[in-house]
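All heavy atoms count here, side chains included; hydrogens, waters and symmetry mates do not.
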Amino acid sequence: MHGFTDVDRQSDPDSWVGVLDRLTEEPFYQAYQQRVRELLHPAPGRRYVDVGAGTGASAAQLKTDHGVSVATADCSLTMVAVTRARGLTQCTVADAHHLPFLNNSFDGAWADRTLQHLADPHAAIKELIRVVRPGGRIVLADPDYDTQVLDIADQNLARRVLRFRADVLLRNGTLAHQHAGLFATHGLVDITVEPRTLLVRNPTAVDNVLGLRSWAATAAQRGALDPAEARAFEDQFDEAVVAQRFTYAVTFFLTAATVA
């Protein structure tokens, strides 16, 4: 199971704080997270909640940029402690499936790279709808790992490793393209979907947080790949980098809607 599914039970929980901090510095993540905040239609004096907030960086940015009140919820004690230490005060250790907030208590809510890790994303969406007032906004952002591509010599091997990432390492790695349909099912309106593609040509830029090269070894450890195939994947990965042909991409879906 992915480390973000249960940060507090990892051997080094603080290392996952470092993962989020490094991603926060990446231009791609900065840009799409800014767009997520814009899709909330924030206005001064209103109240918002970030579910699965991690270190609270995006919540803090929304508060600073728009003069709003922001609460955060995360199931990790480690993450909530960091969020508080960095200056946010309305921080709650909470399960996204059972949010400890009153009905209609927020003007908007968002969940960024959260639903992919949840046991029941449908229940979490219901909770987001419950806590947002009619007319308020809900925004989801997640990568959809069905959209992955990787340029190494053996494309069949690449696809097998990418499928492992999509289907085994994540609970809901291929759900993001269905978020709009889930919103429609629950009666939300003004539904929009925007794709944002993460393109990695220089693996040293984000590989230390995505762990691209390590996916095959993990698959071998789980019995999904032969160890020799995992070594071949790593060799071809390195060859692609040296030859400057390395390309990895995955598309994020930013899905926004209004509570009716």
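- Heavy-atom minimum distance, F183 versus A256: CE1-C, 4.1 Å.
- Tested against L128, the residues V139, V51, V259 include a single side-chain contact (heavy atoms from CB on, under 4.5 Å) partner, V51.
- Within the 4.5 Å cutoff, no side-chain heavy atoms of V250 are placed close to those of T197.
- The closest side-chain heavy-atom distance from E229 to R160 is below 4.5 Å.
- Taking the charged nitrogens against the carboxylate oxygens, R22 and E25 have no contact shorter than 4.0 Å, which rules out a salt bridge.
- Side chain of T83 to backbone of G54: a donor-acceptor contact under 3.5 angstrom is found.
- Side chains of Q10 and S15: a donor-acceptor N/O pair is absent below 3.5 angstrom, by distance only.
- Between the CG atom of L20 and the OH atom of Y29 there is a distance of 10.0 Å, given to the nearest 0.5 Å.
- R245 and D151 are joined by a salt bridge, as a carboxylate oxygen and a charged side-chain nitrogen come within less than 4.0 angstrom of each other.
- Atom OG of S58 and atom CD of Q33 lie 5.0 Å apart (nearest 0.5 Å).
- Taking the side chain as every heavy atom from C-beta outward, Y48 and R37 never approach each other to under 4.5 Å.
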Point to revise | Candidate pair F237 and W215, rule ring-ring contact (aromatic ring centres under 6.0 Å, His included), full reasoning | key: CA-CA 11 Å; F237 186 103; W215 293 352; 9.1 Å; no
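- The distance from the CZ atom of R113 to the CG atom of L23 is 5.5 Å, given to the nearest 0.5 Å.
- Atom NZ of K126 sits about 11.5 Å away from atom NE2 of H98, to the nearest 0.5 Å.
- Note on M79 and L88: separate hydrophobic clusters, where clusters join Ile, Leu, Val, Met, Phe, Trp and Tyr whose side-chain heavy atoms are under 4.5 Å apart, directly or indirectly.
- Between C91 atom SG and D74 atom CG the span is 10.0 Å, to the nearest 0.5 Å.
- With contacts defined as side-chain heavy-atom distances shorter than 4.5 Å, the pair Q90/R47 qualifies.
- Counting only heavy atoms from C-beta outward, the side chains of P121 and L175 approach each other to under 4.5 Å.
- No donor-acceptor contact under 3.5 angstrom links the side chains of D154 and Q236, judged on distance only.
- In this structure a side-chain-to-backbone donor-acceptor pair under 3.5 Å is present from S76 to T78.
- At least one donor-acceptor pair under 3.5 Å links the side chain of R171 to the backbone N or O of H117.
- Not one N or O on the side chain of Q244 forms a donor-acceptor pair closer than 3.5 Å with the backbone of V241.
- With rounding to the nearest 0.5 angstrom, the CG atom of L225 is 10.5 Å from the CZ atom of R231.
- Residues L150 and V200 share a single hydrophobic cluster, defined by chaining ILVMFWY side chains whose heavy atoms lie under 4.5 Å apart.
- Residues F253 and E194 fail the side-chain proximity criterion, which asks for heavy atoms closer than 4.5 Å.
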Check your understanding: Which is it for L40 and L62 under the side-chain contact (heavy atoms from CB on, under 4.5 Å) test, yes or no, and what are the steps along the way?
Key -> CA-CA 10 Å; L40 288 166; L62 182 73; 4.1 Å; yes
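- Residues passing the salt bridge (charged side-chain N to carboxylate O under 4.0 Å, His left out) test with D146, sequence neighbours excluded: R163.
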Exercise for review: Decide side-chain contact (heavy atoms from CB on, under 4.5 Å) for R165 and V161; before the verdict, give the C-alpha distance in whole Å, the side-chain angles of both, and the deciding distance to 0.1 Å.
Suggested key: CA-CA 6 Å; R165 170 69 170 180; V161 172; 5.9 Å; no
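- In this structure, W110 and I138 have side chains that are not in contact, with every pair of non-hydrogen atoms separated by 4.5 Å or more.
- D107 places no side-chain N or O within donor-acceptor distance of the main-chain N or O of G136, the cut-off being under 3.5 Å.
- Linking Ile, Leu, Val, Met, Phe, Trp and Tyr whenever their side-chain heavy atoms come within less than 4.5 Å puts V131 and L188 in one cluster.
- Nearest heavy atom pair, residue A217 against residue E234, reads CB-OE2, 3.7 Å.
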Check your understanding: What do the steps show when you test H97 against L118 for side-chain contact (heavy atoms from CB on, under 4.5 Å), and what is the final call?
Key -> CA-CA 8 Å; H97 306 90; L118 298 181; 3.8 Å; yes
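- Of the possible polar contacts, none joining the Q116 side chain to the D142 backbone as a donor-acceptor pair under 3.5 Å is found.
- In this structure, T147 contributes its side chain and T251 its backbone to a donor-acceptor pair below 3.5 Å.
- Linking Ile, Leu, Val, Met, Phe, Trp and Tyr whenever their side-chain heavy atoms come within less than 4.5 Å puts I191 and L140 in one cluster.
- Taking D238 as the reference, R213 meet the salt bridge (charged side-chain N to carboxylate O under 4.0 Å, His left out) condition, with sequence neighbours excluded.
- At least one donor-acceptor pair under 3.5 Å links the side chain of R137 to the backbone N or O of L39.
- A salt bridge links R86 with D21; the closest basic N to acidic carboxylate O contact falls under 4.0 Å.
- When all heavy atoms are compared, the tightest approach of T174 to A166 is CG2-CB, 3.9 Å.
- In terms of heavy atoms, F106 sits closest to A71 at CE2-CB, 3.9 Å.
- Looking at every heavy atom in both residues, L115 comes nearest to N172 through O-ND2, 2.9 Å.
- Distance alone, capped at 3.5 Å, places no donor-acceptor pair between the T114 side chain and the A111 backbone.
- Judged by a 6.0 Å distance limit and a 45° cone about the ring axis, R196 is not positioned over the six-membered ring of Y32.
- Checking S69 against R46 by side-chain atom types alone, no donor-acceptor pair falls below 3.5 Å.
- Judged by distance alone, the side chains of D120 and H122 never bring a donor and an acceptor atom under 3.5 Å apart.
- Side-chain contact between L198 and P143 is absent, with no heavy atoms from C-beta onward closer than 4.5 Å.
- L254 and Y145 fall within a single hydrophobic cluster, where Ile, Leu, Val, Met, Phe, Trp and Tyr are joined by side-chain heavy atoms under 4.5 Å apart, directly or via other members.
- In terms of heavy-atom proximity, A224 sits nearest to F164 at CB-CD1, 3.8 Å.
- The salt bridge (charged side-chain N to carboxylate O under 4.0 Å, His left out) test applied to D144 returns no partner, not counting sequence neighbours.
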